[in-house]
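For reference, the structure is listed below as structure tokens.
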2 protein chains.
Amino acid sequence: MRYQLYYWSGIQGRGEFVRLALEDAGADYIDIAREQGDDAILPFLAGERPGALPFAPPFLKAGRTVIAQTAAILLYLAPRLKLVPTGAAATLYAHQLQLTVTDLVAEVHDTHHPIASSLYYEDQRAAARQRAEDFRQQRLPKYLDYFEQALMRSDGRHALSRHSYVDLSLFQVMSGLDYAFPHAMRRLRRKRPHLCALAARVAERPRIAAYLASPRRLPFNEDGIFRHYPKLDDPR
Amino acid sequence: MRYQLYYWSGIQGRGEFVRLALEDAGADYIDIAREQGDDAILPFLAGERPGALPFAPPFLKAGRTVIAQTAAILLYLAPRLKLVPTGAAATLYAHQLQLTVTDLVAEVHDTHHPIASSLYYEDQRAAARQRAEDFRQQRLPKYLDYFEQALMRSDGRHALSRHSYVDLSLFQVMSGLDYAFPHAMRRLRRKRPHLCALAARVAERPRIAAYLASPRRLPFNEDGIFRHYPKLDDPR
């Protein structure tokens with residue numbers, strides 16, 4: 001099966017969670033918009049293609065199946081890529097954790113876009129500073145504590161009983177947070193040793209290390225979800 | 001199986017999507033916090049109970065299984081309650097639609113809390129007016145068009161090929177939006193006849209009608225997700 005990933009070509013964004021799973025598994029896939037341009041995405045969003053209607057990218061085409069929503073794509077892919085322990089309970093718990101990653105990612109996005117996705121960051125800076133402060137002080141510690149606790153309830157090294165796509169997603173979240181909020185993360189990392197160690201181990205997985213060193217891994221940038229605006233981070 | 005639903009007792013909130021599925025199916029369930037108080041939720045959030053760790057309510061206990069995240073709970077319940085067509089493709093597409101409902105609900109919440117959940121609405125009114133205007137003008141029409149189109153790609157009467165939990169969720173969304181944004185919705189409803197007709201039909205399903213007339217259906221209120229603040233609606 002050659003999977004077709006549809007996601008905007010200029011950012012890691014939500015597509016990166018799918019890309020990391022495909023890369024870690026050594027799956028055969030094509031990153032459509034990077035090959036054919038972002039316009040290849042539009043007919044699907046306009047309902048001009050058969051199959052499930054996506055609200056937004058990323059979506060995945062697997063044969064004639066179209067699947068949208070990052071967490072649903074991973075739910076579909078994980079057993080096929082052997083990236084989740086077998087069994088209904090593990091499948092569901094992994095998915096629940098991934099949905100909480102989804103929630104965190106949405107909150108990260110809203111630190112720089114608290115008013116409207118349709119406006120520039122520069123047009124909502126005052127609100128962004130307030131939202132980002134609450135995020136760093138209240139929400140982010142709560143999410144990090146949650147995932148740290150989830151690791152400790154498992155074997156301390158994985159979100160589930162063994163390596164899974166959830167670990168890849170947690171690596172991505174930690175990487176993005178380090179990029180966006182370096183000062184806040186220096187403070188927050190101290191009390192979450194399991195999460196930090198997991199992220200470091202994932203980065204060293206051979207296929208992930210090769211991917212991160214390749215041009216396929218775009219750098220974080222200020223068009224994506226994790227953006228580094230110094231005024232949204234802790235003061236030095 | 002007697003299902004145990006854990007959700008804050010004073011609001012419909014995200015728990016309502018689960019409640020509607022249980023009610024429509026005539027399932028045996030207990031709404032724990034309404035019987036025992038909200039404190040019954042806390043040990044689960046503190047990690048003091050076995051099973052999957054919830055980040056937040058709602059969560060469902062089914063025997064020894066604990067499931068959090070509204071959409072994941074519905075993914076689990078739907079085949080058991082016969083609220084989704086059989087088959088992997090339908091299961092996944094229903095879930096994808098539900099996850100888009102989840103995204104819409106999060107954006108509704110942020111119309112009144114664009115800065116911080118930890119602050120009162122009264123402390124973020126200026127930002128709320130801006131965010132709500134963008135929501136009414138940009139985001140809400142886009143979501144409603146998406147679901148309208150999804151119905152038209154199906155049989156025009158259901159999100160999937162037959163009645164499912166997604167229809168129940170769309171009913172709930174339309175009800176909440178009518179409550180929160182009556183003026184905007186009067187304008188927006190005109191171009192989404194399939195969605196409006198679906199919501200009306202769901203309200204007439206015998207078990208749903210009985211539920212809506214019962215004291216178990218809490219009224220919408222200004223502690224929940226769908227809140228009616230006239231300044232966040234279209235001007236008259």
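We name chains A, B, ... by the order of the sequence lines, and we start the count at 1 in each one.
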Contacting region of A/Phe55 [heavy-atom separation from chain B under 4.5 Å]:
both
Below 4.5 Å from any heavy atom of chain B, which atoms of A/Gln96 appear? Answer side chain, backbone, both or neither.
both
Answer yes or no: is there a donor N or O on one side and an acceptor on the other, between the side chain of B/Tyr146 and the main chain of A/Ala56, under 3.5 Å?
no
Side chain / backbone / both / neither for A/Ile115 at chain B, heavy atoms under 4.5 Å:
both
Would you find a donor on one side and an acceptor on the other, under 3.5 Å apart, between the side chain of B/Gln130 and the backbone of A/Ala116?
no
Distance-minimising heavy-atom pair for B/Arg131 and A/His113:
NH1-O, 4.0 Å
Given that the side chain runs from C-beta out, which part of B/Tyr93 has a heavy atom under 4.5 Å from chain A: side chain, backbone, both or neither?
side chain
Counting only non-hydrogen atoms closer than 4.5 Å, does B/Ala46 touch chain A with its backbone (N, CA, C, O), its side chain (CB onward), both, or neither?
backbone
Structural part of A/Tyr143 lying under 4.5 Å from a heavy atom of chain B:
both
Most contact-rich option vs chain B, by heavy-atom pairs under 4.5 angstrom, among A/Leu97, A/Thr111, A/Asp110, A/Val66, is A/Asp110
Identify the heavy atoms of A/Ser118 and B/Gln138 that sit nearest to each other, and give their distance.
OG-CG, 4.3 Å
Contact class of A/Asp103 relative to chain B, heavy atoms under 4.5 angstrom
side chain
If I measure from the heavy atoms of chain B, does A/Ala89 come under 4.5 Å with its side chain, its backbone, both, or neither?
neither
Considering non-hydrogen atoms only, spot the tightest contact between A/His95 and B/Ala72 and give its length.
CD2-CB, 4.2 Å
Region of A/Leu75 in contact with chain B, defined by heavy-atom distances below 4.5 Å:
side chain
Could you tell me whether A/Arg187 atom CZ has more than 12 heavy atoms of other residues or ligands within 6.0 Å of it?
yes
Exceeds 12 heavy-atom contacts within 6.0 angstrom, atom CZ of B/Arg49
yes
d(A/Glu107 CD, B/Ser117 OG) to nearest 0.5 Å is 6.5 Å
Is it true that atom CZ of B/Arg125 has more than 12 heavy atoms of other residues, nucleotides or ligands lying nearer than 6.0 Å?
no
Looking only at A/Ile67, A/Ile73, A/Asp145, most heavy-atom pairs under 4.5 Å shared with chain B are made by A/Ile67
One option among A/Ala126, A/Ala128, A/Gly51 has the most heavy-atom pairs under 4.5 Å with chain B, and it is A/Gly51
Check the pair B/Gln124 / A/Asp134 against side-chain contact (heavy atoms from CB on, under 4.5 Å), numbers first and verdict last.
CA-CA 12 Å; B/Gln124 48 197 314; A/Asp134 179 81; over 6 Å; no
Pick whichever of B/Arg139, B/Met152, B/Lys142 has the most heavy-atom pairs under 4.5 Å with chain A.
B/Lys142
Under 4.5 Å heavy-atom distance to chain A, tell me which part of B/Leu92 shows up: side chain, backbone, both or neither.
side chain
Walk me through it: do A/Thr102 and B/Leu99 pass the test side-chain contact (heavy atoms from CB on, under 4.5 Å)?
CA-CA 10 Å; A/Thr102 300; B/Leu99 287 173; over 6 Å; no
Tell me, yes or no, whether the heavy-atom count around A/Arg129 atom CZ, taken from other residues, nucleotides or ligands under 6.0 Å, exceeds 12.
no
